[in-house]
Amino acid sequence: MTKSFVCAVDVGTGSARAGILDSRGNLLGRADHPIAMHQPKPDHAEHDSEDVWSAVCKAVRVALQKSGVAAGEIAGISFDATCSLVVRDRQGGQLSVSVTGEKRWDTVVWLDHRAIAEADECTTSGHAVLDYIGGVMSPEMATPKLMWLKRHLPKTWNEAGYLFDLADFLTWKASGSLARSQCTLTAKWTYLAHEEKSWRRDFFELVGLGDLFEHGNLPEKASSVGADIGALTAQSAAELGLTEKCRVGAGVIDAYAGALGVLGGFAGDERNISRHLALIAGTSSCVMAMSPDPQPFAGVWGPYYGAALPTLWLSEGGQSATGALLDHIIRWHGAGGEPDAAMHMKIASRVAELRAEDGDALAARLHVLPDFHGNRSPLADPHAVGVISGLTLDASFDSLCKLYWRTAVGIALGVRHVLEALNENGYLIDTLHVTGGHTKNPLLMELYADATGCTVVEPLADEAVLLGTGMVAATAAGLYGDLNAACVAMQQGGRTRAPNKAAGARFDRDYRIFLEMHRQRQALDAIG
């Protein structure tokens with residue numbers, strides 16, 4: 001290993017981050033740069049893919065400078081990104097996905113819910129591909145978004161020549177390769193990696209996308225995560241501040257990178273890996289469980305074959321708004337304001353004081369059903385709405401703190417809801433590995449242990465998502481023989497928190513109320 005450094009790039013909802021890591025997974029330099037988001041109307045959210053690429057390049061250059069590593073020593077690079085949809089014309093130029101018609105807005109962001117009706121149509125089709133996405137199509141997946149584009153922006157559809165998940169767009173920009181990751185296609189494009197004929201073209205015919213392959217430049221076979229898909233082009237190397245010797249690895253969706261970062265150490269332990277759950281928690285939350293055998297059931301996406309670690313099946317659940325919901329509560333309440341880090345910490349500190357005074361009685365009649373942006377798991381209902389029970393006329397800062405606390409409880413109970421669904425369908429999960437922005441929130445970290453009854457592990461690596469993508473880059477660079485070996489060698493371990501057994505009865509009560517609120521919401525919807 002003469003060159004034992006890699007570059008990992010993570011593109012989230014609001015920024016691009018880059019990290020330089022050594023071959024043991026140590027993060028040597030990190031930088032980020034914001035990206036713009038355009039929201040021309042409710043449920044529409046768009047990125048400018050050239051703005052995203054520019055942010056990536058700026059972040060990589062600064063991270064490299066901070067690391068002190070020479071550009072020529074970076075042996076590999078890979079990308080993780082949100083599951084957003086990038087549309088390009090037949091010459092590779094930008095095409096608008098926006099109702100405004102502006103060409104720069106060529107990317108439908110993952111959280112965009114414009115295609116709920118199309119998602120419902122996919123679900124109603126009853127096609128066999130639904131067996132591998134939990135039985136229900138989500139508007140966050142590629143197919144309904146493509147249907148919406150064809151129906152509502154036919155000019156864009158007719159001119160389209162390339163369709164990418166965002167991580168695959170970035171590897172294309174970097175290497176010129178049209179390879180697509182097995183992760184992105186399997187998790188978001190109904191690609192069945194475990195089958196010899198992985199594309200079910202009859203499904204696309206059924207939903208009106210029979211011409212998808214004329215517009216998408218999609219390969220017949222996906223590339224395994226970490227596959228070497230080529231070197232940086234001269235142009236991309238210059239823009240990134242790296243060299244053409246750097247190899248590019250087939251990337252992953254951002255949450256899957258987090259799963260590799262926290263569960264990768266169990267890559268060689270297939271017998272026990274199904275005891276561990278990755279919780280990648282930020283704006284939204286994703287949960288990832290892996291097993292040697294498929295565990296299909298309604299309400300959880302998957303099982304996906306080889307979407308993270310080779311030969312393992314992955315089930316993905318999640319919550320559509322968690323960090324975003326706490327931000328919303330702060331903005332929405334009269335005593336709130338801008339939900340920056342200082343405000344979150346101020347509230348957490350006051351909650352601690354109020355709990356010291358009131359104990360378990362703090363806001364005990366206040367209950368929050370956190371489905372403000374639909375229920376991703378385990379109900380798979382994008383139409384679900386949030387519910388707050390127990391409000392009074394109190395508009396003080398303390399009332400905000402109580403509502404924030406009980407919203408955090410609702411978020412943790414949502415994880416318990418997903419966890420119980422997994423364990424009722426073949427998993428034996430007793431340990432949560434948490435990474436992302438929620439690790440900075442002491443209330444949530446306490447609740448994830450106490451409200452679920454699970455042991456919680458917080459990774460020692462500050463950036464588990466970057467670590468996971470670094471594992472992918474190291475595989476592509478040939479620093480390790482395969483992805484499993486890279487994951488085991490580069491994992492960083494974590495700090496363990498045991499659940500407070502004394503809190504169990506309190507959260508069992510809250511969970512019974514949580515489930516009853518789901519039933520009552522369903523009854524109200526039935527009346528409507």
[X] side chain to [Y] backbone, donor-acceptor under 3.5 Å:
X: Asp168; Y: Phe164; answer: no
X: Lys221; Y: Glu196; answer: yes
X: Asp112; Y: Arg114; answer: yes
X: Thr452; Y: Tyr448; answer: yes
X: Arg406; Y: Tyr404; answer: no
X: Thr469; Y: Ala8; answer: no
X: Gln492; Y: Met490; answer: yes
X: Asp106; Y: Ser49; answer: yes
X: Arg521; Y: Ala384; answer: no

Problem set entry | Full working for side-chain contact (heavy atoms from CB on, under 4.5 Å) between Phe203 and Leu212 | CA-CA 11 Å; Phe203 169 66; Leu212 171 64; over 6 Å; no

Which value, rounded to the nearest 0.5 Å, describes the distance between [X] atom [atom1] and [Y] atom [atom2]?
X: Thr123; Y: Ile133; atom1: OG1; atom2: CD1; result: 6.5 Å
X: Gln319; Y: Leu279; atom1: CD; atom2: CG; result: 7.5 Å
X: Ser78; Y: Leu466; atom1: OG; atom2: CG; result: 11.5 Å
X: Arg88; Y: Leu163; atom1: CZ; atom2: CG; result: 11.5 Å
X: Thr186; Y: Leu314; atom1: OG1; atom2: CG; result: 10.5 Å
X: Leu149; Y: Leu85; atom1: CG; atom2: CG; result: 6.0 Å

For residues [X] and [Y], is any side-chain donor paired with an opposing acceptor at under 3.5 Å?
X: Trp110; Y: Thr13; value: yes
X: Asn375; Y: His518; value: no
X: Ser96; Y: Ser98; value: no
X: Ser15; Y: Asp32; value: no
X: His38; Y: Asp48; value: no
X: Glu458; Y: His433; value: no

With the threshold set at 4.0 Å, does a side-chain nitrogen-carboxylate oxygen contact exist between [X] and [Y]?
X: Arg416; Y: Glu420; result: yes
X: Arg201; Y: Glu220; result: yes
X: Arg506; Y: Asp450; result: no

For this session: Please test Lys150 against Asp211 for side-chain contact (heavy atoms from CB on, under 4.5 Å), starting from the C-alpha separation and ending with a verdict.
Result: CA-CA 10 Å; Lys150 184 174 181 180; Asp211 55 345; 3.0 Å; yes

For this session: May I ask you to check whether His47 and Phe169 place their ring centers less than 6.0 Å from one another?
Result: no

For this session: Verify the ring-centre separation between Trp199 and Tyr191: is it less than 6.0 angstrom?
Result: yes

Problem set entry | Within 6.0 angstrom of Arg519 CZ, more than 12 heavy atoms from elsewhere | yes

For [X] and [Y], which heavy atoms make the closest approach, and how far apart are they?
X: Tyr427; Y: Ser315; value: OH-OG, 3.1 Å
X: Asp165; Y: Cys83; value: OD2-CA, 3.4 Å
X: Ser377; Y: Gly317; value: OG-CA, 3.1 Å

Exercise. Going through the checks in order, is the side-chain contact (heavy atoms from CB on, under 4.5 Å) test met by Glu446 and Val456?
Worked result: CA-CA 9 Å; Glu446 175 188 345; Val456 167; over 6 Å; no

Exercise. Does a side-chain heavy-atom distance below 4.5 Å link Met445 with Asn441?
Worked result: no

Exercise. Mind checking whether Trp405 and Leu366 have side chains closer than 4.5 Å, heavy atoms only?
Worked result: no

For this session: Using the six-membered ring wherever Trp is involved, compare the ring planes of Phe204 and Phe213 and label them parallel, tilted or perpendicular (cut-offs 30° and 60°).
Result: perpendicular

For this session: Can you label the angle between the Tyr511 ring and the His417 ring as parallel, tilted or perpendicular, going by 30° and 60°?
Result: perpendicular

For this session: Please step through side-chain contact (heavy atoms from CB on, under 4.5 Å) for the pair Ser125 and Leu130, ending with a clear verdict.
Result: CA-CA 9 Å; Ser125 76; Leu130 298 170; 4.1 Å; yes

